[in-house]
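FYI, side chains are in, hydrogens and waters are out, and symmetry mates aren't considered; it's all heavy atoms of this structure. Counting convention: from 1, in listed order, for ligands and their atoms alike.
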Amino acid sequence: MGGSGSLNSLVTAAAAELMAATAANSAEISQRVLANLVDALGQDFGFLRHNDHTIRATVLIAEFPPRNADPDPIAVVYFADADSVFATAEHLKEPAVVRPRPENADYQQTIEEGTGFGSVSLAAVPLLSGEVTTGVLAFGKFGDREWVTDELDALQAIATLFAQLQARIAADTQVRWLAEHDEMTGLLNRRALIAQLGERLAQGMPGPVSIVFLEVERLRAINDVFGQDAGNRFLVTFSNVLRDGADFPAAIARFGGDEFVVAPHAPMDARDIFAWAQELHRHLRTQADIRSDLFGRAASIGVATGVPGKDSASMLLSRADLATQSAKNARGVTVVAYTPQMAAKNAIRDEIERRLEEPDAANDLVLHYLPEIDLRTGEVLGTEALMRWQHSALGLLMPDSFIDVAESMPLAEKLGRLVIRAACAEFAQWQAEGLVRNAVLRVNVSPVQLIAEGVVERIAATLSEFGIEAGALCLEITERVVVADIEATRKTLTDLKDIGVQVAVDDFGTGYSAFDYLTSLPIDALKIDRRFIRDLGRDSKNLAVVRSILGLAEAFGLDVVAEGVETPGDAQALLALGCKRAQGFLFSKPLPGAQMGLLFARRFVSTDFLND
Ligand code: C2E
Ligand code: CA
Ligand code: CA
C-alpha cells in the first residue's frame with residue numbers, strides 16, 4: 001500500500017476517467033475505475049451502487065470483478081429487506097468500515113453465494129448530493145483489513161467524482177427527456193412523435209403505419225368554468241386512461257392543447273386501426289362512466305394510415321387530423337377513418353375562404369329555397385334558405401361539401417353574414433312584387449355565427465335596410481350550439497327576441513338532448529330531424545319519438561315543423577299526430593329564387609298526398 005502520493009495519483013487518475021465519461025460509456029468507465037482501485041488498494045472486490053429513493057432501493061451500477069450473475073439477486077435491493085450493510089447505504093453520510101464479525105455472515109453469503117469464504121472487511125463511502133445520499137462506493141477484502149484515514153479520504157474524493165458523474169447523467173437524461181416529452185402528462189411531444197413516425201415511414205420499413213388522432217371535447221369548457229388547474233388534472237387523467245387503453249406497444253403523444261396521438265408500434269392496416277380505435281373509444285367511454293371526477297365525455301377520434309416510402313409523417317398526421325375534424329362534425333359517429341375526399345373538401349374550404357376575401361365573393365353564393373307547407377291545406381307558409389356555392393371549376397356545391405369540414409370562425413361568420421343579407425334581399429323583392437304575405441323566411445345559422453361580436457346589431461341593420469319585419473325572419477340553430485356555449489347563446493337569443501326575430505331549433509332530437517334548455521331559452525319552434533320522419537307510417541319507434549316531441553312542444557308552446565317528408569304516408573302520419581307544418585321532397589325540392597317567388601304567388605302546393 002503506497003503513501004499519500006500514490007493515493008493522490010489514484011484520485012487524479014479516477015478524476016481523469018470519470019470527468020470524461022458520458023451517459024453512453026459511464027458503466028464501462030466506472031468498472032475500469034473500480035478495477036484500478038481494487039488493484040491499487042489490494043482489494044478483492046469493489047462496487048458502485050446508486051440509491052433510488054422513489055422505490056427505496058439500492059441499485060448496482062458497476063462492480064469489479066464482475067460476478068455475471070443472471071438473474072442477479074443483488075442487482076436491486078430494497079432497503080426494507082436489506083441486510084445491515086446495504087441498509088446503511090440509504091442514508092450513509094460518512095465513510096464506514098466494517099470488520100469481520102459473526103453478524104456480518106449474511107452479507108458474505110449474499111456476496112459470495114455460499115462459496116464459503118471466511119470473513120470480509122469492507123470500506124464504504126457515500127455518494128452525496130447536498131444532504132441526500134445518492135449511492136455508495138465500497139471495497140472489500142476477504143479476511144481482516146485496516147483502513148487508514150488517508151485511504152478513506154481518497155475514497156471519499158473518488159466517491160465525490162462518481163456523484164458528480166451521476167448528477168451530470170441525471171441532468172442530461174432529464175434534458176433529453178424534456179426535449180421529447182410533454183412535461184405535464186409524461187407522454188411524447190409532437191416533435192418526438194413526428195421523428196418516430198418519420199423513421200417508421202422510411203423506404204423499406206414495415207408498413208402500413210397507422211395512427212389514431214384524438215381531440216378531447218371538453219377541455220376549453222373545463223378551463224373556462226373550473227380553471228386551468230382543473231383543466232390540467234383532466235389532461236393528466238385523460239393521458240392515464242389513454243395509456244391503459246393502449247393495450248399493446250404504442251407511441252403515445254400529446255400534441256399540446258387538447259390533441260393526442262396513439263401510434264401502435266406494429267404495422268396495422270386501415271381496417272385494424274379502425275377496429276382498434278373503436279375499442280379505444282369504448283374504453284374511454286367506460287372510464288368516463290366510472291370516474292366521477294371531471295373526466296367527461298369522450299373524444300373525437302380520427303384514424304389514418306401511411307405507407308413507408310410513400311407518405312411522410314406530416315401527411316399521415318394531417319390526414320388523421322382531417323378525419324378527427326370530420327368526426328367532430330359528424331354528431332353521433334365518433335371514430336372516422338380518413339378518406340381522400342376529406343382532403344378534397346378541405347381544399348375546397350380553403351379556396352372558398354380565400355375567395356371570401358375578394359370584394360365580389362357574394363356573386364358565388366347561391367340560395368335555393370325549400371318551401372314550408374301547411375299539411376292540412378297545402379298552403380305555402382314560408383321558406384328556408386339553403387346555401388350553395390358556385391365554384392368556378394366544380395360547379396354548384398352543396399353545403400355539406402364545404403361548411404361541415406370545419407366550422408371555423410372567419411369562414412362560417414362571413415358566409416353566414418352573406419346568406420342573411422342575400423336571403424333578406426330576395427325576400428324583400430318578393431314582398432315588393434306582392435308575392436308573399438305573412439310568410440316566414442327561415443335562415444340557417446352556424447354555431448360560431450351566433451356567438452360572434454355584434455351579430456344581433458348586424459341582423460337588425462339588415463332587416464331595416466330591406467324593410468323586413470323582424471317577426472318574418474326565423475333563424476335556425478342546431479341543438480348542438482345550444483349546449484356548447486349556453487351563456488353566450490342565451491345572450492344572443494334574448495337579444496334576438498328583444499328585436500322580434502324568431503328562433504327555431506333545427507335537427508331536433510339528434511345529438512345531445514337540449515330538453516333542459518327549452519324552459520330557459522327564448523325559442524319559438526322545433527324542427528324535427530328528418531331521420532325521425534322516415535317511414536313514420538310504419539316505424540313505431542319513430543312514431544313514439546315524434547309523438548313525444550309534439551307533446552314537449554305543446555307543453556312549452558312551441559311551433560313544430562317536420563323535416564324531410566318524402567311520402568304521402570309520412571304526411572298522413574304527421575297529420576294524425578297533430579303536426580301541421582312540414583317540408584320535404586314530397587312537396588318540393590329546394591327551388592332557385594325565381595321559382596320560389598312563383599310558388600309563393602300560387603300560395604298552394606297540390607294536396608294529392610292527402611288522398612293517396
Ligand atoms: P337542414 O337545415 O336540416 O336543411 C335541410 C336539408 O335537408 C337540405 O339539404 C334539404 O335539401 C334537405 N331535405 C329537405 N327535404 C328533404 C327530403 O325530403 N329528403 C331528403 N333526403 N333531404 C331533404 P342541404 O341544402 O344539402 O343542406 C344541408 C344542411 O346544410 C342543412 O340542413 C343545414 O344544416 C346546412 N345549411 C344549409 N344552408 C345553410 C346556411 O346558409 N348556413 C348554415 N350555417 N348552414 C346551412
Ligand atoms: Ca335548417
Ligand atoms: Ca334540419
### Minimum-distance atom from the Ca ion (ligand 2) among N, O or S atoms of Glu384
OE2
### Query
Centres of the Phe260 and Phe255 rings: under 6.0 Å?
no
#### Entry: Side-chain donor-acceptor contact under 3.5 Å, Glu426 with Tyr369
yes
### Atom indices of ligand 1 within 4.0 angstrom of Gly584 heavy atoms, with elements
15 (N), 18 (O)
### Message
Within the 3.5 Å criterion, strictly below it, is a donor on Asp182 or Thr185 matched to an acceptor on the partner's side chain?
### Response
yes
### Query
Looking from the Ca ion (ligand 3), what is the angle between OE2 on Glu563 and OD1 on Asp506, to the nearest 10°?
90°
### Residue-ligand contact His368/ligand 1, heavy atom below 4.0 Å
no
### Task
Heavy-atom contacts with Asp507 under 4.0 Å: which atoms of ligand 1 show up? List them by number with element.
3 (O)
### Query
Under 3.0 Å from the Ca ion (ligand 3), is there an N/O/S atom belonging to Asp507?
yes
### Query
Taking the non-hydrogen atoms of Arg388, is any one of them nearer than 4.0 angstrom to ligand 1?
yes
### Message
Glu384 versus ligand 1: do any nitrogen or oxygen atoms come within less than 3.5 Å of each other?
### Response
yes
### Query
Which ligand 1 atoms are under 4.0 Å away from a heavy-atom of Ser446?
44 (N)
### Message
One residue to check: Val443. Relative to ligand 1, which of side chain, backbone, both or neither has a non-hydrogen atom less than 4.0 Å away?
### Response
neither
### Task
Begin with the C-alpha distance, continue with both residues' side-chain angles, and end with the deciding distance and a verdict on ring-ring contact (aromatic ring centres under 6.0 Å, His included) for Phe587 and Phe609.
CA-CA 9 Å; Phe587 317 110; Phe609 58 84; 5.1 Å; yes
### Query
Got a salt bridge between Asp374 and Lys580, using NZ or NE/NH1/NH2 to carboxylate O under 4.0 Å?
no
### Message
Counting only nitrogen or oxygen atoms and a 3.5 angstrom limit, does Met387 reach ligand 1?
### Response
yes
### Query
Pro590: heavy atom below 4.0 Å from ligand 1, yes or no?
yes
### Message
With no hydrogens and no angle check, just 3.5 Å: does a side-chain donor-acceptor pair link Thr324 and Ser300?
### Response
no
### Query
Is it the case that more than 12 heavy atoms not belonging to Asp360 sit under 6.0 Å from its CG atom?
yes
### Summary
Within the 4.0 Å heavy-atom cut-off, what Arg530 brings close to ligand 1 is side chain
## Note on the structure
Quick look: Leu370 vs ligand 1, heavy-atom contacts under 4.0 Å, and the answer is side chain
### Message
Out of all atoms in ligand 1, which are within 4.0 Å of some heavy atom of Gly564? Include the element for each.
### Response
15 (N), 16 (C), 17 (C), 18 (O)
### Task
Step through the shown structure and confirm whether more than 12 heavy atoms of other residues, nucleotides or ligands are within 6.0 Å of CD on Glu465.
yes
### Task
To the nearest 10 degrees, could you say what angle the Ca ion (ligand 2) makes with OD1 of Asn444 and OE1 of Glu476?
90°
### Task
Determine, using heavy atoms of Glu566 and all atoms of ligand 1, whether some pair is separated by less than 4.0 Å.
yes
### Task
Take atom CZ of Arg534 as the centre, draw a 6.0 Å sphere, and report whether it contains more than 12 heavy atoms from other residues, nucleotides or ligands.
no
### Query
Does Asn444, backbone or side chain, put an N or O under 3.5 Å from an N or O of ligand 1?
yes
### Query
Do Gln583 and Lys527 get their side chains close enough for a donor-acceptor pair, meaning under 3.5 Å?
yes
### Query
Got more than 12 heavy atoms from elsewhere within 6.0 Å of CD, Gln390?
yes
